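Since we're looking at a predicted model, the values are computed, not measured. So that the names make sense, note that chain A is the first sequence line, chain B the second, and so on, each numbered from 1.
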2 protein chains.
Amino acid sequence: MSGTAAPIRIGELAELTGTTPRTIRYYEEIGLLGCASDRQQGKHRCYTEADVARVREVVRLRDLLGLTLEQLSQLVEAEAARAEIRREFRTTEDPSRQRSLLEQALRHIETQLALVRGRRDDLQALERELADKEQTVRAKLAALGF
Amino acid sequence: MSGTAAPIRIGELAELTGTTPRTIRYYEEIGLLGCASDRQQGKHRCYTEADVARVREVVRLRDLLGLTLEQLSQLVEAEAARAEIRREFRTTEDPSRQRSLLEQALRHIETQLALVRGRRDDLQALERELADKEQTVRAKLAALGF
DNA sequence: TGCTAATCTGACGCTTACGTAAGAATCAAT
DNA sequence: ATTGATTCTTACGTAAGCGTCAGATTAGCA
């Protein structure tokens with residue numbers, strides 16, 4: 001890894017994540033994206049690769065789960081918390097503290113997993129019903145001699 | 001089956017589908033639900049079991065796929081078409097006409113299936129990534145002796 | 001026929017998730 | 001230092017998807 005990578009500005013972040021600058025600012029406005037740390041009023045926002053990853057995840061969850069951005073905030077609060085957890089994890093020596101941090105991370109991941117699995121199950125049920133219908137129709141076609 | 005089943009009115013339809021009368025009227029307004037055939041201005045809307053099924057499907061697709069109601073209209077246009085197809089199917093004797101109807105139905109079903117499968121695949125990919133993260137964290141916990 | 005509950009038709013309101021426009025400020029390069 | 005591209009803040013606009021209220025009408029029952 002090099003020292004400090006090239007700074008990413010809002011336009012680039014938007015492109016990299018398939019969004020727009022307006023969307024990025026809006027997400028910051030509602031607390032979905034913590035504003036870039038210690039930015040001063042009027043200065044340009046600067047982002048990192050980690051931010052790119054975070055926005056990508058938000059967009060993905062938004063599109064796949066169809067949650068409101070408020071619900072997403074709760075999930076991503078977990079995500080932001082995990083980043084913080086990783087940072088603290090590397091700088092602490094206390095094993096019991098490390099254990100606590102890991103268990104927190106685990107709970108966050110499992111919250112997301114439960115949501116995703118639930119949605120996937122629902123979709124699979126629907127898929128099976130559609131597949132059944134398809135078979136029914138195909139059987140009728142076969143009965144006609146096709 | 002009895003002759004004509006008890007007529008279902010808008011309030012009941014709403015309850016049966018987990019919606020509200022307003023939602024039902026709105027769906028009719030935007031063409032998602034063909035208005036109950038030959039209703040006269042001011043008269044109460046009457047629905048059938050088939051309508052219950054249709055609204056249930058709409059709601060399900062709405063919640064699971066997160067499509068706009070316009071996109072849903074296209075899917076349900078297919079659904080309404082299938083109902084019509086089934087009606088005509090039973091009243092026609094011409095086998096080649098029957099074949100044509102069945103093949104139409106098949107295409108409609110496959111359109112829906114493609115959508116549902118695509119979405120399910122996306123969710124599964126996300127699920128795998130989350131599961132991987134979970135394993136990573138669990139491994140670290142194990143490394144700490146838990 | 002009279003009563004009551006449910007429904008009807010507008011029509012305006014509201015929230016979410018951004019789009020868009022305007023004028024000032026910033027940043028990188030020359 | 002000037003320029004040009006990008007970004008800044010502020011603020012109003014918009015589309016979707018209903019909620020809600022008002023006053024009139026309808027449907028089923030005694």
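Protein atom CG of L69(A) is 9 Å distant from nucleotide atom C1' of dC18(C), rounded to whole Å. Going from atom CD of E29(A) over to atom P of dC12(D) covers 14 Å, rounded to whole Å. Atoms CG (L72(B)) and C1' (dC18(D)) sit 15 Å apart, rounded to a whole Å. Rounded to whole Å, the distance from CD on E15(A) to C1' on dT6(D) is 12 Å. Note: CD (E28(B)) to C1' (dG17(D)) measures 16 Å, nearest angstrom. Taking atom OH of Y26(B) as the reference point, atom C1' of dC14(C) lies 14 Å away to the nearest angstrom. Atom CG in D63(A) sits roughly 13 Å away from atom C1' in dA17(C) (whole-Å rounding). Taking atom CD1 of I8(B) as the reference point, atom P of dT7(C) lies 12 Å away to the nearest angstrom.
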Protein and nucleotides 9-11 of chain C: nitrogen or oxygen contacts under 3.5 angstrom:
from   : atom 1 : to     : atom 2 : distance (Å)
dT9(C) : OP1    : R39(B) : NH2    : 2.5
dT9(C) : OP2    : R45(B) : NH1    : 3.0
dT9(C) : OP2    : R45(B) : NH2    : 2.7

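Q135(B) pairs by the side chain to side chain donor-acceptor pair (under 3.5 Å) definition with nothing, not counting sequence neighbours. Considering only residues two or more places apart in sequence or on other chains, E103(B) meets the side-chain contact (heavy atoms from CB on, under 4.5 Å) condition with L141(A), R99(B), R107(B). Residues passing the salt bridge (charged side-chain N to carboxylate O under 4.0 Å, His left out) test with E70(A): none are found, sequence neighbours excluded.
Closest approach of E134(A) to L113(B), counting heavy atoms only: OE1-CD1, 3.1 Å. Pairing each heavy atom of R9(A) with each of Y47(A), the nearest pair is C-CD1, 4.2 Å.
I30(A) comes within 4.0 angstrom of no nucleic acid atom, judged by non-hydrogen atoms across all strands.
Remark: Y27(A) is not in phosphate contact with dA17(C), judged by side-chain N or O atoms under 4.0 Å from OP1 or OP2. The phosphate of dG19(C) (OP1 or OP2) has a side-chain N or O of T20(A) nearer than 4.0 angstrom.
The H44(B) side chain lies nearest to dT7(C) when the options are dC18(C), dT7(C), dC8(D). Nearest nucleotide to the R9(B) side chain, out of dC18(D), dT16(C), dT7(C): dT7(C). Side-chain atoms of T23(A) lie closest to dG19(C) of the nucleotides dC8(D), dG19(C), dA17(C).
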Compile the donor-acceptor pairs under 3.5 Å between side chains in residues 124-132 of chain A and protein atoms, sequence neighbours left out, one pair per line.
from    : atom 1 : to      : atom 2 : distance (Å)
E127(A) : OE1    : R120(B) : NH1    : 3.0
E127(A) : OE2    : R117(B) : NE     : 2.9
E127(A) : OE2    : R120(B) : NH1    : 3.1
E129(A) : OE1    : R60(B)  : NH1    : 2.9
E129(A) : OE2    : R60(B)  : NH1    : 3.3
E129(A) : OE2    : R60(B)  : NH2    : 2.9

N/O donor to acceptor pairs below 3.5 angstrom from side-chain atoms of residues 10-18 of chain B, sequence neighbours left out:
from   : atom 1 : to     : atom 2 : distance (Å)
T17(B) : OG1    : L13(B) : O      : 2.8
T17(B) : OG1    : A14(B) : O      : 3.2
T17(B) : OG1    : T19(B) : OG1    : 3.0

